[in-house]
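Positions are given from 1, in the same order as the sequence printed here. In this text, all values refer to a predicted model and were calculated from it rather than measured experimentally.
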Amino acid sequence: MVLAIVIPCYNEEQALPITAEKLLRLLDRMAAEGLAAPDSYLLCCNDGSRDRTWEVIEELHLRDKRVKGINLAHNRGHQNALLAGLMTVRGHCDAAVSIDADLQDDPEAIVKMVKEFHKGKEIVYGVRSSRDSDTWFKRTSAHAFYSFQKNMGLETVYDHADYRLMSDRALNLLSEYGESNLFLRGIVPQIGLDTAIVTYPRAERVAGESKYPLKKMLSFSIDGITSFSARPMRWIFITGLVLLAVALLVTVYVFISYFYSDHIEAGWASLMLSVWILGSMILIAIGIVGEYIGKIFNEVKHRPRYAIRDTLWD
């Protein structure tokens with residue numbers, strides 16, 4: 001089988017030479033063991049990096065033609081860069097593995113994935129067996145994110161990022177999903193086909209800094225939920241019904257107090273609390289609805305999800 005390893009890159013000039021060397025050695029070993037063809041390759045997808053990432057990819061390509069590359073014309077985000085790479089290798093491989101350039105995902109799991117592919121599995125998910133290398137906050141927030149996704153009705157694989165193997169048939173089916181708001185962790189499970197899971201320990205970055213600070217993680221979480229579930233809007237409706245019931249009870253209380261009480265307190269505290277609480281809930285509801293309207297706005301324009309400026313292939 002011809003295996004393509006797709007690596008989205010953003011400001012990875014420090015990590016990429018180390019990553020490419022390790023993955024090329026892995027391909028050599030797999031070719032020697034008969035698990036992959038000798039012409040298997042790496043595809044590095046430069047997502048509009050501001051450092052020398054593209055120059056590093058060009059240097060690696062000159063040294064070893066198995067290192068191929070595409071250079072996006074503008075920074076489009078991790079999901080679009082990953083999709084660009086997967087769509088580029090589609091039709092040029094029997095299966096593709098996506099892995100980040102930091103190698104926190106153990107490359108040795110690729111061997112297990114390929115073995116599952118030879119058994120007939122067309123999508124193989126890499127799932128972290130532990131997050132000991134993560135900080136307490138990142139580990140806790142990630143688990144909370146997966147739990148929240150499940151409660152929102154999303155079909156995702158727990159503790160799975162974007163480390164997976166997909167057969168060429170799975171890539172062809174993925175190409176038919178044309179939404180602009182990409183959340184591949186939610187799209188791929190919808191493809192179906194025969195799947196498997198391999199586990200691996202989470203490691204430290206080989207070099208460089210994390211490209212996913214808290215702000216990006218929160219944005220990614222919101223995109224994932226609002227792209228696949230309308231349940232938050234239903235919660236707004238249910239909350240409105242509950243508040244309506246409370247309002248009816250308060251109305252009854254007010255009328256009873258008005259007609260049967262000799263003295264009515266001013267009620268400043270309760271009035272202020274009501275204004276602030278209801279005002280906050282209204283703003284939250286408008287914000288949630290706005291998220292969905294914004295996504296509709298992006299989808300109906302049908303703009304290209306990425307543009308490729310340069311390609312290194314031969």
Any side-chain heavy atom of [X] within less than 4.5 Å of one from [Y]?
X	Y	answer
Ile197	Val124	no
Glu12	Asp100	no
Ile308	Thr311	yes
Tyr125	Met113	no
Arg309	Leu72	no
Cys93	Leu3	no
Asp162	Gln79	yes
Leu103	Lys22	yes

For this session: Assess whether atom NZ of Lys115 is packed by more than 12 heavy atoms of other residues, nucleotides or ligands within 6.0 Å.
Result: no
Less than 4.0 Å between a side-chain N and a carboxylate O, is that true for [Y] and [X]?
X	Y	value
Arg52	Glu59	yes
Arg25	Glu21	yes
Asp168	Arg90	no
Asp105	Arg164	no

Please report the interatomic distance [atom1]([X]) to [atom2]([Y]), rounded to the nearest 0.5 Å.
X	Y	atom1	atom2	result
Leu184	Ser98	CG	OG	8.0 Å
Glu122	Leu171	CD	CG	10.0 Å
Leu60	Glu58	CG	CD	10.5 Å
Leu24	Arg63	CG	CZ	10.0 Å
Asp51	Asn11	CG	CG	4.0 Å
Ile5	Met30	CD1	CE	7.0 Å

Exercise. Are Tyr200 and Tyr163 near enough that their ring centres are under 6.0 Å apart?
Worked result: yes
Exercise. Does the separation of the ring centres of Trp313 and His92 fall below 6.0 angstrom?
Worked result: yes
Which atom of [X] lies closest to which atom of [Y], heavy atoms considered:
X	Y	value
Asn46	Trp54	ND2-CB, 3.5 Å
Leu312	Lys68	O-CB, 3.2 Å
Ala101	Cys9	CB-SG, 4.4 Å
Cys45	Val6	SG-CG1, 3.8 Å
Met1	Leu35	CG-O, 3.3 Å
Leu23	Pro107	CD2-CB, 3.9 Å

If only atom types and distance count, is the side chain of [X] paired as donor or acceptor with the main-chain N or O of [Y] below 3.5 Å?
X	Y	value
Asp94	Val2	yes
Thr88	Ala84	yes
Arg50	Tyr10	no
Thr53	Ser49	no
His160	Val127	no

Exercise. Would you say the side-chain atoms of Ser175 and Asn172 include a donor-acceptor pair closer than 3.5 Å?
Worked result: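 The criterion, which ignores hydrogens and geometry beyond distance, is not satisfied for Asn172 and Ser175.
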For this session: Check whether the side chains of His74 and Asp47 place a donor and an acceptor atom closer than 3.5 Å, and report yes or no.
Result: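 Asp47 and His74 do not have a side-chain donor-acceptor pair below 3.5 Å.
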For this session: Given side chain to side chain contact (heavy atoms under 4.5 Å, CB included), test Glu108 with Leu26 step by step and report yes or no.
Result: CA-CA 8 Å; Glu108 291 298 323; Leu26 180 68; 4.1 Å; yes
For this session: Check the pair Asp39, Lys65 against salt bridge (Lys or Arg N to Asp or Glu O under 4.0 Å), reporting the backbone distance first and the verdict last.
Result: CA-CA 10 Å; Asp39 53 346; Lys65 296 301 181 183; over 6 Å; no
Problem set entry | Partner of Leu165 under side-chain contact (heavy atoms from CB on, under 4.5 Å), chosen from Ile99, Thr195, Val114, Ile123 | Val114
For this session: Just do the side chain to side chain contact (heavy atoms under 4.5 Å, CB included) check on Asp314 and His61 with the steps written out, would you?
Result: CA-CA 9 Å; Asp314 297 326; His61 178 70; 5.9 Å; no
